[in-house]
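Just the heavy atoms: all of them, side chains too, but no hydrogens, waters or symmetry mates, feed the values below. Letters A, B, ... mirror the listed sequences (proteins, then strands); counts begin at 1.
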There are 2 protein chains.
Amino acid sequence: MADKKSKEIKKNSKEVILRSAKVLFAMQGFELTTVREIAGKAGINVAMVYYYFNTKEELHQNIIDNAFKSFSQSLKEGVGQGKGSEDKIYDVIKVYITFLHHHKDIHRIILRETISQSKHIDMIVKKYISRNFDLVHSIIKEGVQKGTFREHDSTLSTFSLIGMILYYFTYEPIFIRLISPEKRKKPITEFLPDHIFNLFIEGVKG
Amino acid sequence: MADKKSKEIKKNSKEVILRSAKVLFAMQGFELTTVREIAGKAGINVAMVYYYFNTKEELHQNIIDNAFKSFSQSLKEGVGQGKGSEDKIYDVIKVYITFLHHHKDIHRIILRETISQSKHIDMIVKKYISRNFDLVHSIIKEGVQKGTFREHDSTLSTFSLIGMILYYFTYEPIFIRLISPEKRKKPITEFLPDHIFNLFIEGVKG
DNA sequence: GCATTAACTAAACGTTTGTTTAACTACTCT
DNA sequence: AGAGTAGTTAAACAAACGTTTAGTTAATGC
């Protein structure tokens, strides 16, 4: 019985490190987060971090990779295939907002990476972001072809749509200080999707 | 004659420090930029930084303050008073984009500050951001009152408008990797204002 | 039950950081 | 001309950082 229990209780140090690091990187950024801090939060020795990851940067990169894999899957699963263009757009908005709301830490890590113009940003764009962008772009292009949306620069509007969504999470610290207290109590997932959907659809409708 | 020349040539160290620090903070962020680096770029001794500013953080805060003062002035000057609501919105978009295009470093510094949830962010919002937000908000509210814009949540749309603008600068490193090369050559100030204006106005039109 | 590997630890390493000190010019005012 | 102040410098400070080392404990396979 000791065998089984120890297997259950046994803490998977690598995963504990990843979880702790994710929170700390999101809160404080890469540079301001020390390896000792990560180890402390994970309840393990500093050297363990270097046992599983070669460098602090490799750990960071690992977290970003996991995040994008997770999101790309959500996006593919969340957008209905047989639907019309407007419904697909609504799905996209819903998936983005729902995911970001539950993974704020991930968004902040990637945002920091973007601003920092890190060496990895090229790889990240090619491997992940451009795929997600193309998926949304193709929905809008399809809508234009079918006449659901008017003729316009679909590349720019794709960027604007994603921009309208991400912006709320990017500037959330400022947003919660600007909107009224009663609305502040409602989770962002309740009022934001419809607002962005209406604004965007009216702007591109045929 | 030596007098006059020395007066002309005499480098104003404080301003050189501010200029050098602004560029470096924007490029690398607060933590990754060292005081020695700033001094090196400014061509002065490290101790000079501490002669003019008590700490590295005070220097940083000084740069942010100057930036917001400069932008708030541009916004007040750039928005025509006697115009209709749509024209005023266009002015707002134009001022934001023009300013951000010429002061990308400032935007990145403030963006970092926002993400970092720094202790100063409360002060910054109260002192600067909320004022600018209210200015844009009042234009939209006026438009709704006059019937130029439809009835809707004007707080949210104000945020969305500013969001659509800022997003292009926040995610510019990704944007330039996604859009077509021929469009990439044009400065953002040429195609972006009209695009955002059309998208937004169609979305809120009465 | 013993050897081999994996998981883990305390302590130390060299480097870099923000900041301070104390001394030195150069200019201004009297 | 000489005191006083503003501007500037090289050198040093302690603290904190990412990373490594050498050694210990726990689990596994034969």
Side-chain angles (χ1 to χ4, degrees), chain A residues 1-25 27-64 109 112-113 116 118-120, chain B residues 1-25 27-64 109 112-113 116 118-120:
Chain A
M1 78 170 212
D3 307 315
K4 203 162 189 193
K5 224 169 200 173
S6 71
K7 257 186 193 169
E8 279 170 13
I9 292 174
K10 177 204 174 195
K11 61 175 173 185
N12 191 336
S13 293
K14 190 172 178 179
E15 280 193 17
V16 180
I17 292 170
L18 281 167
R19 270 203 303 276
S20 305
K22 188 168 75 179
V23 175
L24 289 169
F25 282 149
M27 271 180 16
Q28 313 171 332
F30 179 77
E31 297 90 14
L32 228 61
T33 302
T34 69
V35 182
R36 282 167 180 83
E37 225 174 344
I38 295 168
K41 193 179 173 68
I44 48 113
N45 189 279
V46 213
M48 281 304 288
V49 175
Y50 291 91
Y51 181 73
Y52 288 111
F53 307 92
N54 287 322
T55 60
K56 181 187 172 188
E57 195 159 323
E58 191 179 302
L59 167 61
H60 190 241
Q61 201 57 28
N62 215 300
I63 290 168
I64 292 174
I109 290 172
R112 282 180 207 273
E113 199 74 357
S116 300
S118 77
K119 338 158 203 159
H120 305 118
Chain B
M1 76 171 214
D3 308 314
K4 202 158 189 196
K5 226 171 198 172
S6 72
K7 258 186 193 172
E8 280 171 11
I9 293 175
K10 178 204 178 194
K11 61 177 169 183
N12 190 339
S13 294
K14 189 172 178 180
E15 280 193 16
V16 180
I17 292 170
L18 281 167
R19 269 203 302 276
S20 305
K22 187 167 75 178
V23 175
L24 290 168
F25 283 148
M27 271 180 16
Q28 313 171 331
F30 180 77
E31 296 89 16
L32 228 62
T33 303
T34 68
V35 182
R36 281 168 182 81
E37 224 173 345
I38 296 169
K41 193 178 173 71
I44 48 114
N45 188 278
V46 214
M48 281 304 288
V49 176
Y50 292 90
Y51 180 74
Y52 288 111
F53 307 93
N54 287 320
T55 59
K56 182 187 174 189
E57 197 160 320
E58 190 179 303
L59 167 61
H60 190 241
Q61 201 57 28
N62 214 301
I63 290 168
I64 293 174
I109 291 171
R112 282 181 208 270
E113 198 73 359
S116 301
S118 77
K119 338 158 203 163
H120 305 119

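We find the NZ-CZ distance between A:Lys14 and A:Arg19 to be 13.5 Å, quoted to the nearest 0.5 Å. Between B:Ile64 atom CD1 and B:His120 atom NE2 the span is 8.0 Å, to the nearest 0.5 Å. Going from atom CD1 of B:Ile109 over to atom CZ of B:Arg112 covers 8.5 Å, rounded to the nearest 0.5 Å.
Nearest heavy-atom pair across A:Ser13 and A:Ile44 is OG-CG2, 4.1 Å. When all heavy atoms of B:Leu59 and B:Val49 are compared, the pair lying nearest together is CD2-CG1, 4.2 Å. Scanning both residues, A:Met48 and A:Ile17, for their nearest heavy atoms gives O-CD1, 4.0 Å. In this structure, B:Ile63 and B:Lys22 approach most closely via the heavy-atom pair CD1-N, 3.7 Å.
In this structure, B:Glu15 places its CD atom 16 Å from C1' of D:dG7, rounding to the nearest Å. Here the P atom of nucleotide D:dG7 and the CD1 atom of B:Ile17 are 11 Å apart, to the nearest Å. If you measure from atom CG of B:Asn45 to atom P of D:dA11, you get 10 Å, rounded to the nearest angstrom.
Scanning for side chain to side chain donor-acceptor pair (under 3.5 Å) contacts around B:Gln28 gives B:Thr33, B:Glu37, with sequence neighbours left out. Checked against ring pair (Phe, Tyr, Trp, His ring centres under 6.0 Å), B:Phe30 has the following partners two or more places apart in sequence or in another chain: B:Phe25, B:His60.
Contact check of residues 48-59 of chain B against DNA chain D (heavy atom, cut-off under 4.0 Å) returns B:Met48, B:Tyr51, B:Tyr52. Residues from residues 29-38 of chain B lying near DNA chain D, meaning a heavy-atom separation below 4.0 Å, are B:Arg36 in numerical order.
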Could I get a table of every N or O pair under 3.5 Å where one atom is in the protein and the other is in nucleotides 22-26 of chain C?
none

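Each ring-ring contact (aromatic ring centres under 6.0 Å, His included) pair with one or both residues in residues 38-57 of chain B, not counting sequence neighbours, would appear here, but there are none.
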